[in-house]
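Notes for the one structure printed next.
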Amino acid sequence: MRETLGGAPVRVMVVDDHPLMREGIAAVLPVSGRFELVAEAGDGREALEQFVRHQPDVVLMDLQMPVMNGLDAIVAIREIAPQARIIVLTTYKGDVQVLRALKAGAMGYLLKSMLRTELADAINRVVAGQRHIPPEIAIELAAHIDADALSARETEVLGLVADGNSNKRVAQALGIAEETVKAHMSTVLGKLGARDRTHAVTIAIRRGILEP
């Protein structure tokens, strides 16, 4: 953004494990003449290496990637560059995913379906030191602002249930009593407002508590 960076284009790095997505963003960025693609990475570890090498003004970061996921990459980059400007690119709009990304240090959150219409605005806002959260994602956040978060153990139990395990098998896998598993699931149902186990898994995936 010339006005923000003394006339120079905004230097952007794209991190996504899908080459076609990186190519698509690379094709969109130069259109306005305000942005310059300076680096690409296919996983979080490579993203950290490329960030150190190129020092981009803005990082566009996918969340689900091999080797090192996007959240861990955000944390790692922010440890060496606390002022790094990072925008999450994802297909998921669940409130839990959003909160995790923002707590990790992301300044923006953008659905991949919004790239052509909102990418330039998102980059401009973040470069200006502002957050960028699309209205539909903000609504999702607001809808669950008072919801009780699942504990690490509750999430672990629900994840095993999502894989099709019975309470007995979950208990064996975690080395706990079957009654304890039932108690955890009862709490999970209450926190998520779910009717049953299947409904709980569906809600957890939609909100980003569990990965699809």
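For reference, positions follow the sequence shown, starting with 1. Side chains are part of it too, since the values below use all heavy atoms of this structure and drop only hydrogens, waters and symmetry mates.
Between atom CE of residue Met13 and atom CD1 of residue Ile86 there is a gap of 8.0 Å, rounded to the nearest 0.5 Å. Put simply, CG on Asp16 and CE on Met61 are 10.5 Å apart, with the number rounded to the nearest 0.5 Å. Between Leu37 atom CG and Glu23 atom CD the span is 11.5 Å, to the nearest 0.5 Å. To the nearest 0.5 Å, the span separating CD1 on Ile139 from CD1 on Ile133 amounts to 12.5 Å. In this structure, CZ on Arg85 lies 13.0 Å from CZ on Arg131, to the nearest 0.5 angstrom. Taken from CD in Glu79 to CD1 in Ile74, the straight-line distance is 12.5 Å, to the nearest 0.5 Å.
Judged by distance alone, the side chain of Asn165 and the main-chain N or O of Leu160 form a donor-acceptor pair under 3.5 Å. Not one N or O on the side chain of His54 forms a donor-acceptor pair closer than 3.5 Å with the backbone of Gln50. Although no hydrogens or angles enter the test, the distance criterion places no donor-acceptor pair under 3.5 Å between the side chain of Arg45 and the main chain of Val67. No donor-acceptor pair closer than 3.5 Å links the side chain of Arg22 to the backbone N or O of Glu40. Under a 3.5 Å cut-off, the side chain of Glu154 and the backbone N or O of Ser151 do form a donor-acceptor pair. In this structure, the side chain of Arg11 does not engage the main chain of Glu36 through any donor-acceptor pair within 3.5 Å.
Following chains of ILVMFWY side-chain contacts shorter than 4.5 Å, one can reach Leu102 starting from Ile137, so the two form part of one hydrophobic cluster. Cluster annotation: Val38 and Met21 are assigned to distinct hydrophobic clusters (Ile/Leu/Val/Met/Phe/Trp/Tyr, side-chain heavy-atom contacts under 4.5 Å, transitive). In this structure, Met68 is not a member of the same hydrophobic cluster as Val14, with clusters built from ILVMFWY side-chain heavy atoms closer than 4.5 Å.
Two residues are said to be in side-chain contact when any heavy atoms from C-beta on lie closer than 4.5 Å; Asn124 and Phe35 meet this criterion. Residues Pro66 and Asp17 meet the side-chain proximity criterion, which asks for heavy atoms closer than 4.5 Å. With contacts defined as side-chain heavy-atom distances shorter than 4.5 Å, the pair Val12/Pro56 does not qualify. Counting heavy atoms from C-beta outward, Ser113 and Thr91 have side chains that stay 4.5 Å or more apart. A 4.5 Å side-chain heavy-atom check between Met107 and Ile87 finds every atom pair outside the cut-off. The shortest side-chain heavy-atom distance between Arg197 and Asn167 falls under the 4.5 Å cut-off.
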Under the side chain to side chain contact (heavy atoms under 4.5 Å, CB included) criterion, do Leu48 and Ile80 qualify, and how do the steps go?
CA-CA 9 Å; Leu48 182 59; Ile80 61 174; 3.7 Å; yes
Take Ile25 and Leu89 through the test side chain to side chain contact (heavy atoms under 4.5 Å, CB included) and record every step on the way to the result.
CA-CA 11 Å; Ile25 295 174; Leu89 299 182; 3.5 Å; yes
Could you go step by step and tell me if Leu71 and Val75 meet the side chain to side chain contact (heavy atoms under 4.5 Å, CB included) rule?
CA-CA 6 Å; Leu71 288 176; Val75 172; 5.8 Å; no
Val15 and Leu60: side chain to side chain contact (heavy atoms under 4.5 Å, CB included), yes or no, with the steps?
CA-CA 6 Å; Val15 185; Leu60 305 178; over 6 Å; no
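Between Phe51 and Ala81 the shortest heavy-atom distance is CE2-CB, 3.5 Å. When all heavy atoms of Ala47 and Ile77 are compared, the closest pair comes out as O-CD1, 4.5 Å. Nearest approach of Ile203 to Leu192, heavy atoms of both residues: CD1-O, 3.5 Å. The two residues Ala194 and His199 come nearest to each other via the heavy atoms CA-ND1, 3.4 Å. The heavy-atom pair separating Gly44 from Ala73 by the smallest distance is CA-CB, 3.7 Å. Across all their heavy atoms, Leu158 and Ala204 have their closest contact at CD2-CB, 3.6 Å.
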Show every donor-acceptor pair shorter than 3.5 Å between a side-chain atom in residues 168-186 and any protein atom, with sequence neighbours excluded, or say none if there are none.
unit_1	atom_1	unit_2	atom_2	d
Glu179	OE2	Lys182	NZ	3.4

Which pairs would a plain distance check flag for residues 114-123, meaning a side-chain donor or acceptor within less than 3.5 Å of a matching protein atom at least two apart in sequence or in another chain?
unit_1	atom_1	unit_2	atom_2	d
Thr117	OG1	Met114	O	3.2
Glu118	OE1	His132	NE2	3.2
Asp121	OD2	Arg125	NE	3.2

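Shown are Ile209, Leu210, Thr187, Val157; of these, the side chain to side chain contact (heavy atoms under 4.5 Å, CB included) with Leu150 is made only by Ile209.
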